[in-house]
Structures are given as structure tokens and as C-alpha cells.
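Note that these values count all heavy atoms, side chains included, but never hydrogens, waters or copies made by symmetry.
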Amino acid sequence: MSLRSAVGAPFVQAGTDRLGRSDFVVALSLDRDWFSPDQAKRLIDVAASEGLLEPDDDELVATFDVGDVTVPEGFTPDESILQQRTTFERILDAVVDSGIDKREAVAAINGLQSDLGVTLETAAVVYARRKGLAVDDHVQRVRGEL
């Protein structure tokens, strides 16, 4: 996932799971030239909303194992990762990451939504759970949106 790679790169570079905000911004904007400083700050907000970063005063803590992050040679993240995703998009990404075809998943989720008479996000949670995926973090968000 490019968001995880982009967020993880500064931590991998520093060899830690905790960085100062300014160090994170410098790593992405000056060291790697991936984003402007303002965009790097926006990435912090997006990553925090996705649960990848946890702000701790003036530091950022990676909530994932940075040792599992690989930044492919020549990787440059797309600016689209600076946009916050909807709950549906997050669940769909988890489904696709598990190896299920995106078109198949969307069609099945749309069918569930129609059959059950629920929101798209609720149908996505039901679908993911039926496929054996752990989407508990999204369940709370879906409940909040109801």
C-alpha cells in the first residue's frame, strides 16, 4: 500500500518507530522530495485518521511495524494519498489486500446493500466479515456513521 510505504519511509530511514513532526516533514519534503512541507503535514493528518500514526506531543509514533515496510526502488507516492478515504474505501482496500478481486467485492457489497437494506459501509463490513477478515476497527466507525 503506497500510504503505508510513504508514511513508513521516514521511520525506516531513521530506524525507529518514533519521530519528531519536523523530522518527518523534512524526510518527506527535503530528503526524498516527495511532497512539499504543507503536503507532508497533510499526510500526517491522513495517516493519523487511518490509524497509521499516533501524535504524541511534538512526536509521531508509528502504530504499525516499520520493519515490515518496504520502499521499492524508484517509488514515488501519488498525491492522491493525501486525500482521506471514506470508511467504505478503507474496508474495500482491506478486502482487496486480502486477495479478493475488487470488481467481485464491489458487486457483492452492492448486492448485500440492496438485499439487507443497509448502508454501503454496513454491507461492506458484513461482506468482509463473511470473508473472514478482521475489520473491527471499521465497525466502530460504521456504527458512528449510522
Qualifying residues under side chain to side chain donor-acceptor pair (under 3.5 Å), relative to D31, sequence neighbours excluded: Q13
Sequence neighbours excluded, which residues qualify as side chain to side chain donor-acceptor pair (under 3.5 Å) partners of E54? none
Suppose the criterion is salt bridge (Lys or Arg N to Asp or Glu O under 4.0 Å): which pairs have a residue in residues 125-136, not counting sequence neighbours? R129-D136
For residues 59-79, which residue pairs pass the salt bridge (Lys or Arg N to Asp or Glu O under 4.0 Å) check, not counting sequence neighbours? R18-E59
Applying the 4.5 Å side-chain criterion to the ILVMFWY set and letting contacts propagate, would [X] and [Y] be lumped into a single cluster?
X: V12; Y: L3; value: yes
X: I81; Y: I44; value: yes
X: V66; Y: V61; value: no
X: V106; Y: L133; value: yes
X: L116; Y: V95; value: yes

Shortest non-hydrogen contact from [X] toward [Y]:
X: A128; Y: I91; result: CB-CG2, 4.2 Å
X: L19; Y: A14; result: CD2-CB, 3.7 Å
X: I109; Y: A124; result: CG2-N, 3.8 Å
X: Y127; Y: A108; result: CE1-CB, 3.3 Å

Taking atom types as modelled, is there a side-chain donor on S5 or S2 under 3.5 Å from an acceptor on the other?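 No, because no side-chain N or O of S5 sits under 3.5 Å from a partner of the opposite role on S2.
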Is there a side-chain contact between [X] and [Y] (heavy atoms, below 4.5 Å)?
X: R90; Y: S49; result: yes
X: P10; Y: L28; result: yes
X: E121; Y: V125; result: no

For the pair S29 (side chain) and V25 (backbone), establish whether a donor and an acceptor sit closer than 3.5 Å, ignoring hydrogens and angles. yes
How long is the gap from [atom1] on [X] to [atom2] on [Y], to the nearest 0.5 Å?
X: N110; Y: L120; atom1: CG; atom2: CG; result: 6.0 Å
X: L82; Y: S36; atom1: CG; atom2: OG; result: 8.5 Å
X: R21; Y: D58; atom1: CZ; atom2: CG; result: 6.5 Å
X: T86; Y: L92; atom1: OG1; atom2: CG; result: 9.0 Å
X: F11; Y: T16; atom1: CZ; atom2: OG1; result: 8.0 Å
X: F64; Y: D17; atom1: CZ; atom2: CG; result: 9.5 Å

Got a sec, which residues hit side chain to side chain contact (heavy atoms under 4.5 Å, CB included) with A47, two or more places apart in sequence or on another chain?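 V7, L52, L53.
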I'd like to check the side chain to side chain contact (heavy atoms under 4.5 Å, CB included) partners of V71; sequence neighbours left out, ordered by chain and number. A9, R32, W34, V69, F75
